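Read through the structure below, which is laid out as structure tokens, and then see the notes.
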2 protein chains.
Amino acid sequence: MSMISFTEENYLKALLRISFDSGETGVGTNELALHLGVKPATANDMLKRLRDKALVDFEKYKKITLTREGKNIATEVIRKHRLWETFLYEKLEFSWDEVHDVAEQLEHIQSSKLIDKLEKFLDYPAFDPHGDPIPSKGGELTKQFRKTLLDIPVGQLCKMVAVKDNSSAFLQYVVKVGLGINNEIHVKSRQEFDALMVIEVNGVESSVSEKFAENIYVV
Amino acid sequence: MSMISFTEENYLKALLRISFDSGETGVGTNELALHLGVKPATANDMLKRLRDKALVDFEKYKKITLTREGKNIATEVIRKHRLWETFLYEKLEFSWDEVHDVAEQLEHIQSSKLIDKLEKFLDYPAFDPHGDPIPSKGGELTKQFRKTLLDIPVGQLCKMVAVKDNSSAFLQYVVKVGLGINNEIHVKSRQEFDALMVIEVNGVESSVSEKFAENIYVV
DNA sequence: TAAATTTGTTAGACTAGTCTAACTTTATTA
DNA sequence: TAATAAAGTTAGACTAGTCTAACAAATTTA
Ligand SMILES: [Mn+2]
Ligand SMILES: [Mn+2]
Ligand SMILES: [Mn+2]
Ligand SMILES: [Mn+2]
């Protein structure tokens with residue numbers, strides 16, 4: 001029953017996201033606060049409330065983990081986020097880099113009927129416009145094992161499957177380099193000193209930085 | 001600039017709605033509070049804040065009116081509400097009586113690009129599923145003069161164009177009586193005592209109460 | 001017009017969510 | 001291991017939005 005707020009949903013989602021990205025189960029207070037753009041004291045207050053609602057496990061000075069229920073809610077929010085991004089991209093002709101910010105709002109609409117009908121309308125998509133998997137109804141967020149462009153040795157071919165950073169600035173840059181989901185990338189060279197890479201996409205060569213490469217997921 | 005909150009939007013929308021329905025310009029504090037499901041003291045507090053933001057004109061013990069800016073915001077919220085209702089009904093196969101509650105949430109999503117693209121996707125609809133007009137971008141809420149079924153004399157034919165009450169309970173009842181937008185209604189008889197009417201729709205006769213009849217708009 | 005009723009306002013309190021400043025615990029480093 | 005740094009917590013304050021209880025003004029009714 002007990003209504004879950006917009007803000008609480010964002011904390012739960014952040015916890016899932018951070019532990020997913022870091023590969024570790026526990027999350028720190030400062031880490032969480034930084035991710036949400038609040039002060040550690042604020043995050044600490046909220047964590048006590050989430051603990052009272054049995055959505056996180058949290059002992060003083062220890063790492064935070066989501067309970068089963070907390071994880072379910074977080075996964076549902078991510079499911080909504082990615083379905084809305086797909087809707088904006090596929091049906092409303094939003095560009096790749098515009099969908100995320102609007103989906104941050106839409107993900108909090110409370111109506112399971114709405115999200116199920118939306119999923120059907122989109123014909124049960126498996127991935128969002130950034131290549132991230134869309135959890136199914138009540139489903140887990142399956143952790144598929146993905147490399148970044150940084151892990152590909154010189155001379156090898158790979159295929160881009162997703163992006164890590166979802167910011168508008170980064171996505172526009174990706175497009176400018178001529179890259180997109182499912183593009184084949186040929187790694188031509190890499191500098192020892194700063195990991196600067198030369199890649200070839202659709203016959204065009206570009207130089208990309210280490211920071212850029214670690215935000216491109218490939219197989 | 002100054003961010004307008006979810007709650008403030010609801011107060012502005014209620015003010016427009018009430019003065020529109022009553023035909024009078026000024027709205028009372030108690031009336032507003034009743035409509036929003038809050039206490040008069042609460043409404044009074046909020047009205048002071050809206051006055052500080054120049055969204056309402058309001059003097060102690062006097063009636064409340066929207067400023068130009070307040071009216072623009074309220075109209076925009078109604079525009080969003082009705083476009084979302086149309087989307088849910090036309091594209092997601094929601095029924096007539098289900099769309100309103102979800103649209104109450106969707107109307108607060110802040111993105112003018114989203115609402116413009118949605119309008120285009122729906123091919124610029126003029127009316128929502130309840131027969132209410134959809135304001136155009138930056139447009140006014142045009143007050144078309146509509147009669148209710150209660151105003152139609154015995155023996156006359158009329159056409160249903162909209163409903164006043166948007167509650168699920170009422171709309172399901174309307175469907176049960178065999179009525180819908182654009183249906184022709186033949187008024188067969190009316191009791192003096194309690195205004196109970198017998199109407200004929202598509203060859204089927206039904207009895208409807210005064211309360212029912214005043215919630216059906218016809219031409 | 002005076003009393004009664006309705007309508008609207010004020011004062012004081014509460015919760016959610018946020019902050020700053022001071023403090024404590026844990027981890028790192030010399 | 002002791003000092004220093006990093007991470008985490010607490011106390012106290014603030015805003016938005018809500019409430020109850022008491023009061024004041026305006027309107028209606030007798
Ligand atoms: Mn996103
Ligand atoms: Mn995405
Ligand atoms: Mn509605
Ligand atoms: Mn409607």
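So that the names make sense, note that chain A is the first sequence line, chain B the second, and so on, each numbered from 1. Being a predicted model, the structure only gives us computed values, none of them experimental.
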Whole-Å gap separating P (dC23(D)) and NZ (K39(B)): 20 Å

Taking only N and O in the side chain of S5(B), is any of them less than 4.0 Å away from OP1 or OP2 of dA16(D)? no

Between CD of E8(B) and P of dT15(D) the distance, given in whole Å, is 15 Å

Short side-chain N/O contact to dA16(D) OP1/OP2 from R49(B), under 4.0 Å: no

L50(A) CG to dA16(C) C1': how many Å, rounded? 12 Å

Provide, to the nearest angstrom, the distance between the CE atom belonging to M3(B) and the P atom belonging to dG17(D). 11 Å

Does Y11(B) reach a base, just sugar-phosphate, or nothing at all? Heavy atoms under 4.0 Å. sugar-phosphate

4.5 Å side-chain heavy-atom contact, V198(B) and S206(B): no

Here the distance between atom P of dG17(C) and atom CZ of F6(B), to the nearest Å, is 14 Å

Given dC19(C), is OP1 or OP2 found less than 4.0 Å from the side-chain N or O atoms of T42(A)? yes

Who are the salt bridge (charged side-chain N to carboxylate O under 4.0 Å, His left out) partners of K13(B), not counting sequence neighbours? E104(B), E107(B)

note: L32(A), atom CG; dG17(C), atom C1'; distance rounded to Å ~ 14 Å

Using a cut-off of under 3.5 Å, enumerate the N/O to N/O pairs linking the protein to nucleotides 6-10 of chain C.
{"unit_1": "dG8(C)", "atom_1": "OP2", "unit_2": "T29(B)", "atom_2": "N", "d": "3.4"}
{"unit_1": "dG8(C)", "atom_1": "OP2", "unit_2": "N30(B)", "atom_2": "N", "d": "2.9"}
{"unit_1": "dT9(C)", "atom_1": "OP1", "unit_2": "Y61(B)", "atom_2": "N", "d": "2.9"}
{"unit_1": "dT9(C)", "atom_1": "OP2", "unit_2": "T29(B)", "atom_2": "OG1", "d": "3.1"}
{"unit_1": "dT9(C)", "atom_1": "OP2", "unit_2": "N44(B)", "atom_2": "ND2", "d": "2.3"}
{"unit_1": "dT9(C)", "atom_1": "O5'", "unit_2": "N44(B)", "atom_2": "ND2", "d": "3.2"}
{"unit_1": "dT10(C)", "atom_1": "OP1", "unit_2": "K60(B)", "atom_2": "NZ", "d": "3.1"}
{"unit_1": "dT10(C)", "atom_1": "OP2", "unit_2": "K48(B)", "atom_2": "NZ", "d": "2.9"}

Judged by modelled atom types alone, do E85(B) and H81(B) share a side-chain donor-acceptor pair under 3.5 Å? yes

Salt bridge (charged side-chain N to carboxylate O under 4.0 Å, His left out) pairs, two or more places apart, involving residues 62-79 of chain B: K71(B)-E140(B), E76(B)-R79(B), R79(B)-D116(B), R79(B)-E119(B)

Rounded to whole angstroms, how far apart are CG on D52(B) and P on dA16(D)? 10 Å

For atom CG of L34(A) and atom P of dG8(D), their distance in whole Å: 12 Å

Determine, for F94(A) and K117(B), whether the Lys NZ or Arg CZ falls below 6.0 Å from the six-membered ring centre while staying within 45 degrees of the axis. yes

Keeping the roles fixed (side chain from E8(B), backbone from S5(B)), state whether a donor-acceptor pair exists under 3.5 Å. yes

Does K91(A) make a cation-pi contact with F121(A) (under 6.0 Å, within 45 degrees of the axis)? yes

